[in-house]
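Taking it in order: structure first as structure tokens, then the write-up.
Chain letters run A, B, ... following the sequence lines, proteins first, then strands; residues in each count from 1. Since this is a predicted model, take the numbers as computed values, not measurements.
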Amino acid sequence: MIGGLFIYNHKGEVLISRVYRDDIGRNAVDAFRVNVIHARQQVRSPVTNIARTSFFHVKRSNIWLAAVTKQNVNAAMVFEFLYKMCDVMTAYFGKISEENIKNNFVLIYELLDEILDFGYPQNSETGALKTFITQQGIKSQHHTKEEQSQITSQVTGQIGWRREGIKYRRNELFLDVLESVNLLMSPQGQVLSAHVSGRVVMKSYLSGMPECKFGMNDKIVIDKQGKGGTTDEAGKSELGGSSGKQSIAIDDCTFHQCVRLSKFDSERSISFIPPDGEYELMRYRTTKDIILPFRVIPLVREVGRTKLEVKVVIKSNFKPSLLAQKIEVRIPTPLNTSGVQVICMKGKAKYKASENAIVWKIKRMAGMKESQISAEIELLPTNDKKKWARPPISMNFEVPFAPSGLKVRYLKVFEPKLNYSDHDVIKWVRYIGRSGIYETRC
Amino acid sequence: MPAVSKGDGMRGLAVFISDIRNCKSKEAEIKRINKELANIRSKFKGDKALDGYSKKKYVCKLLFIFLLGHDIDFGHMEAVNLLSSNKYTEKQIGYLFISVLVNSNSDLIRLINNAIKNDLSSRNPTFMNLALHCIANVGSREMAEAFAADVPRILVAGDTMDSVKQSAALCLLRLNRTSPDLIPMGEWTSRVVHLLNDQHLGVVTAATSLIITLAQKNPDDFKTSVSLAVARLSRIVTSASTDLQDYTYYFVAAPWLSVKLLRLLQCYPPPEDAAIRGRLTECLETILNKAQEPPKSKKVQHSNAKNAVLFEAISLIIHHDSEPTLLVRACNQLGQFLQHRETNLRYLALESMCTLASSEFSHEAVKTHIETVINALKTERDVSVRQRAVDLLYAMCDRSNAKQIVAEMLSYLETADYSIREEIVLKVAILAEKYAVEYTWYVDTILNLIRIAGDYVSEEVWYRVIQIVINRDDVQGYAAKTVFEALQAPACHENLVKVGGYILGEFGNLIAGDPRSSPLIQFNLLHSKFHLCSVPTRALLLSAYVKFINLFPEVKGTIQEVLRSDSQLRNADVELQQRAVEYLRLSCIASTDILATVLEEMPPFPERESSILAKLKKKKGSGTVSDVEDTRKERNTNVNGSTDHTTATTNTKPSPSSFVSDLLAAAPPPTNRPRPVPSSSILHMPLSPLSPQAYAVHSAAPLTPFYQVTSSPSSDLLGLGNSSAVNSGSPPAASNAASLLVDVFSESLPVAPLGTASAPIIEENFSRFVCKNNGVLYENQLLQIGLKSEFRQNLGRMYVFYGNKTSTQFLNFSASVVCHEPLNAQLNVHTKTADPVVDGGAQLQQILNIECLSDFVEAPVLNINFRYGGSVQNIAVRLPVTLNKFFQPTEMMSQDFFQRWKQLSDPQQEVQKIFKAKHSMDTEITKAKIIGFGTALLDGVDPNPSNFVGAGVIHTKTIQVGCLLRLEPNTQAQMYRLTLRTSRGSVSQRLCDLLSEQF
């Protein structure tokens with residue numbers, strides 16, 4: 001279990017230090033600083049072992065969060081906790097920065113007391129936490145005794161993530177499918193590796209204790225329902241023919257704690273009582289039949305020892321009606337570049353010496369289009385015989401569909417006690433596909 | 001650099017550095033550096049001409065980036081351009097860049113060398129200095145090659161400025177250190193010596209450093225420097241502290257120079273010329289006198305400088321070792337330092353005194369400080385100082401104070417640091433042995449030692465006690481009594497149990513008369529320790545029990561009961577089980593007479609050097625201590641006469657030496673078979689078959705069973721049931737014996753006759769070629785010798801490739817093969833003469849035709865002579881032409897194999913060797929090696945599948961020798977047993993020797 005948690009600024013100064021167990025000494029703080037933050041080598045593994053003590057760290061902008069333990073813990077659990085901790089802090093005071101941490105240190109210690117107990121992670125649901133840990137100083141005077149006991153029974157009860165008696169005039173929910181697509185492609189256009197990692201994020205403003213059921217075009221669910229018989233008719237007709245009969249193969253997925261896993265295991269249906277506000281319903285990963293939104297075609301020609309000609313074509317590969325945004329192509333330049341001339345048809349391109357790359361930015365681009373950039377790179381002759389390693393060309397973009405092909409089929413809301421039905425709930429669905437590590441070798 | 005940037009701007013550099021310092025993170029820093037690099041690259045682009053200032057600025061930035069840890073792969077050209085500038089700062093930055101960043105890159109080196117040459121020949125002293133500094137800083141071989149002639153010329157030229165001379169001397173020193181072969185010793189040597197007379201003290205200091213290094217290499221060339229150095233030293237020492245102006249350091253006149261001069265004098269024996277000698281003595285006396293004067297300053301630098309000179313002077317006095325008065329004075333001076341506040345001084349004083357103690361003149365003087373040293377041992381805080389104190393006590397010990405010193409060391413041992421305990425234990429053991437007046441004291445001391453620091457008492461120490469007790473009749477009774485008393489302590493160390501078991505087993509009868517130590521009590525005492533001990537000790541105790549059966553028939557029943565118990569007879573450890581079974585049977589069957597013969601008292605050990613001493617030497621390396629040890633030994637024989645050695649037994653009968661080997665080394669388990677030993681005839685076994693050899697504490701038991709009680713398939717296969725096989729035992733496994741065993745046998749082992757060639761014969765790769773035919777035979781800096789060979793029947797052809805690894809020619813190259821007696825009658829080697837010139841980087845091939853006339857043991861020697869860079873190189877390499885090369889593999893069936901195996905049952909025809917595996921015991925590798933050895937590998941012949949069996953015929957011109965071999969690995973014990981049967985005994989032996997080295 002986690003023995004302690006430290007937060008450092010970029011210089012390695014300790015901002016927050018919370019030790020949960022006796023086996024973690026004072027020197028552990030320094031050990032991490034000396035061996036990781038101030039380490040000379042560039043590549044830093046997220047898990048570091050120093051003198052039989054394990055340090056797990058994540059970095060948010062310039063801030064280091066390090067969990068430390070002497071025991072053989074589940075590393076994935078520790079990282080999950082650290083990410084959750086980041087989410088909680090962001091939810092409370094916005095961006096994680098040195099300034100914000102210093103301003104909110106009392107709050108952070110309070111949070112640390114609540115979400116970790118003797119090193120065991122506890123309830124880290126922001127919504128629930130916000131009911132009893134607030135930034136407005138001591139608020140307990142305003143709470144009545146009943147309210148307090150209600151908080152206690154909710155936090156310790158079976159449904160810890162939702163309190164009772166929530167009421168909205170408009171019952172509304174927002175569903176975001178956020179995906180990041182990762183690709184490594186050979187210069188000839190062969191896919192070397194590709195996968196999509198996606199999240200379904202939900203924002204719910206529903207009254208009472210609604211029971212929700214979520215459906216998507218997962219292959220297993222659809223197959224099962226196809227055999228199942230009667231119930232699927234409704235679901236299919238609801239979807240209409242819009243998505244065709246496509247279904248996708250999800251490699252693995254994880255759910256928010258509110259989802260009833262037993263039901264998922266037996267019936268493959270995702271049913272849950274949602275928390276109030278924003279939360280992440282599920283996370284998944286797919287590797288098959290990915291729609292690659294962009295294709296990059298590089299052409300690199302070395303003209304003598306002192307010149308390099310680069311031509312890069314990008315093609316958008318989706319419906320012409322859709323618009324991709326925030327497109328950025330990054331073309332690495334050799335380390336002995338002494339000058340660059342760029343010509344591009346669309347957008348803006350610039351040689352950024354500090355990053356050793358040409359950065360080409362396009363604001364918007366419709367589907368089934370193509371655009372081209374050509375650059376002449378002058379090189380300084382060096383006496384080093386080392387050949388340029390030709391790092392891959394990378395891309396960033398945002399598209400309004402899910403590259404994995406995931407579709408939301410339905411989200412049904414039942415609230416038997418209150419008098420609103422599934423039809424009264426206003427539902428919004430949005431798909432956003434972003435680039436993860438999207439690279440093409442040249 | 002900061003000074004530069006202040007002087008003439010370079011604002012850009014200052015801004016860049018401050019930008020870097022203000023970077024918040026590593027990433028930001030890298031970004032800033034990338035930006036700057038791109039900027040510099042665009043500036044260095046060929047088309048624009050940069051002025052000297054900006055070139056300097058950018059080169060400076062590159063240098064800074066490099067020092068931050070980033071790779072720089074351009075800008076070298078610009079740096080070289082800076083060298084030709086006329087401005088000092090630009091030149092300086094250029095040289096700085098080059099000495100930090102340029103590696104031996106061919107095209108640039110030429111330009112750099114040109115620039116350096118220009119600067120060297122310019123008359124500007126600062127430029128010459130910069131160039132010399134660059135040469136010294138780079139110090140590569142190329143630099144040495146290019147400037148080996150120029151630098152000495154500048155050094156001895158009459159019109160060179162002092163500061164340049166200084167740099168030139170140090171530069172030459174550096175070149176001499178990196179590539180000594182390239183610096184020609186010539187006419188300039190005598191003029192270098194005369195630099196000691198130079199007006200300028202800086203030049204003298206630099207020159208002295210150079211001369212020290214050169215004089216260590218060829219002392220004869222620089223002999224004249226002695227008188228000059230003495231003269232210079234006396235001038236410095238006698239000068240008033242104000243005379244030397246800049247070279248007076250905190251009131252001490254030229255301390256660095258004095259130290260160097262004194263060190264130079266240490267390269268030579270005391271001067272023979274009386275005048276010079278007198279002057280030197282005077283100087284040393286003055287230095288000693290000065291140490292007595294009150295300090296002129298309270299600053300630590302003053303005393304440091306003064307003491308540095310003093311210690312160097314004392315080293316010189318010790319080195320000369322000829323002036324008793326000086327030695328005694330030095331000793332007294334050091335005595336004062338022993339109580340000094342400074343820890344470093346105390347350390348140095350103890351260290352110097354250690355060497356002083358070995359001088360006969362000052363030994364007595366050193367002894368007067370014994371109390372102080374003992375006090376230091378007890379109260380000193382620093383462990384390294386305590387260590388020195390122990391060393392000194394050891395060095396100053398002699399017959400008169402041995403008891404005191406040993407007692408002090410023993411009492412210190414209880415609180416000593418763990419790091420030095422083992423060494424103290426060894427030292428106590430040696431001193432106790434060396435200066436023992438009565439043996440009772442010796443026995444007491446060692447037993448005390450084991451009691452106090454049992455864990456640190458190495459095997460050698462207790463072996464030695466037993467050797468001494470066995471050899472001295474007068475001490476045996478006392479020893480038995482003492483160990484008996486010592487064993488009564490509730491907790492005693494295992495080593496004590498070992499000593500106790502051994503001594504009571506041998507001499508328990510001497511104290512049996514006393515009712516308090518009756519046989520039964522003795523036995524019960526020993527047996528009470530039995531279960532707390534490790535296996536080797538238990539084995540030893542079992543042997544002691546069987547000895548008891550002989551000594552005291554009345555306890556026979558009790559002991560048999562113990563031996564019969566399941567915990568012995570069915571012990572999981574094979575060794576213990578075997579001993580229990582055998583001893584029990586022995587005690588039941590054998591008559592009293594036989595028992596008495598078998599279990600006779602151990603015969604005395606032969607006299608030889610104490611193994612502890614060897615151990616101490618090994619521990620300390622061949623460093624100073626062993627030197628001290630040697631000199632002391634010589635002196636002891638002078639002072640104390642021949643009675644020095646404690647174990648003065650005259651019995652030097654050769655027969656019992658095997659006891660020693662078995663006792664002291666982890667020798668193979670004893671057998672009852674007399675073993676023919678080809679290598680050393682001393683090893684013959686005594687007639688009493690089950691001798692106390694059984695005491696041997698051996699590690700790997702199951703290889704050769706004691707009585708052949710276990711009838712494994714292997715023993716059947718070997719035909720051990722045959723009466724003839726009784727005589728065909730195995731030779732001792734010399735390879736698995738510890739180094740001590742080698743000690744004993746070293747004189748008797750046949751030493752391979754060396755060739756007449758002046759160069760030592762190199763055989764390091766020889767054994768690698770036994771099982772393969774191609775590879776690199778030898779390699780040094782100049783030459784690589786590769787081999788490719790093929791053999792058919794009794795003929796062979798060997799291609800020898802000589803690769804010249806240098807860039808210059810080898811001249812007068814010749815390579816010839818020499819076969820010494822008796823090899824020239826056994827092997828015909830025909831050499832084709834090789835080309836006399838080998839170009840740089842080229843390879844030369846030579847073909848050798850080999851014919852085997854009869855079987856042989858030695859291998860021919862390849863003599864190579866050539867001239868390289870003016871010196872004649874002489875290399876002699878043993879050629880891997882071995883008997884097994886002429887093998888023809890023979891496939892045969894299991895039946896045939898055993899038939900032939902039985903035919904070759906003559907004792908001379910079989911050679912067997914048991915040895916420890918040197919490499920991992922991988923089956924596939926072993927198979928490959930056996931096939932590479934030349935024999936056919938026969939599958940399915942041996943009933944035990946893990947054994948290897950091979951057969952082949954050796955073809956020579958005169959005879960053909962059939963050969964069968966068998967290799968039995970024992971993976972548990974990491975041992976092999978190799979058995980070879982051929983029709984000729986000498987062939988068997990040679991093949992066995994060759995093959996056994998391979999595993």
Original post:
So how far is it from B/K61 NZ to B/F16 CZ, rounded to the nearest 0.5 Å?
Top reply: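 Those atoms lie 7.0 Å apart.
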Subject >> Atom pair OH/CD1 of B/Y58 and B/I65 - distance to nearest 0.5 Å >> reply: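 The CD1 atom of B/I65 is 12.0 Å from OH of B/Y58, to the nearest 0.5 Å.
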**OP:** Taking the side chain as every heavy atom from C-beta outward, state whether A/P187 and A/C442 have any atom pair closer than 4.5 Å.
**Re:**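 They are not in side-chain contact.
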Original post:
Partners of B/D71 by side chain to side chain contact (heavy atoms under 4.5 Å, CB included), sequence neighbours excluded?
Top reply: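 By the side chain to side chain contact (heavy atoms under 4.5 Å, CB included) rule, B/D71 matches A/K386.
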Original post:
Does atom CD1 of A/I437 have more than 12 heavy-atom neighbours from other groups under 6.0 Å away?
Top reply: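 Atom CD1 in A/I437 is not crowded, with 12 or fewer foreign heavy atoms closer than 6.0 Å.
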**OP:** Quick one: list whatever passes side chain to side chain donor-acceptor pair (under 3.5 Å) with A/S193, sequence neighbours left out.
**Re:**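 Applying side chain to side chain donor-acceptor pair (under 3.5 Å) to A/S193 gives none.
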**OP:** Spell out the residues in residues 330-338 of chain A that have some non-hydrogen atom less than 4.5 Å away from a non-hydrogen atom of chain B, in order of number; otherwise answer 'none'.
**Re:**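 At a heavy-atom separation under 4.5 Å, chain B is reached by A/L335, A/N336, A/T337, A/S338.
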Subject >> chain B-proximal positions within residues 46-58 of chain A [heavy-atom distance under 4.5 Å] >> reply: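 Near chain B, by residue number: none.
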Original post:
Which residue, A/I358, A/V310, A/L308, forms the side-chain contact (heavy atoms from CB on, under 4.5 Å) with A/V340?
Top reply: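 Going through the options one by one, the only one that passes is A/I358.
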Original post:
Of B/E78, B/Q92, B/H76, which is the lone residue that meets side-chain contact (heavy atoms from CB on, under 4.5 Å) with B/F97?
Top reply: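 Going through the options one by one, the only one that passes is B/H76.
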Subject >> A/E98 with A/K102: basic N within carboxylate O range, under 4.0 Å >> reply: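 Salt bridge flag = yes for A/K102 with A/E98.
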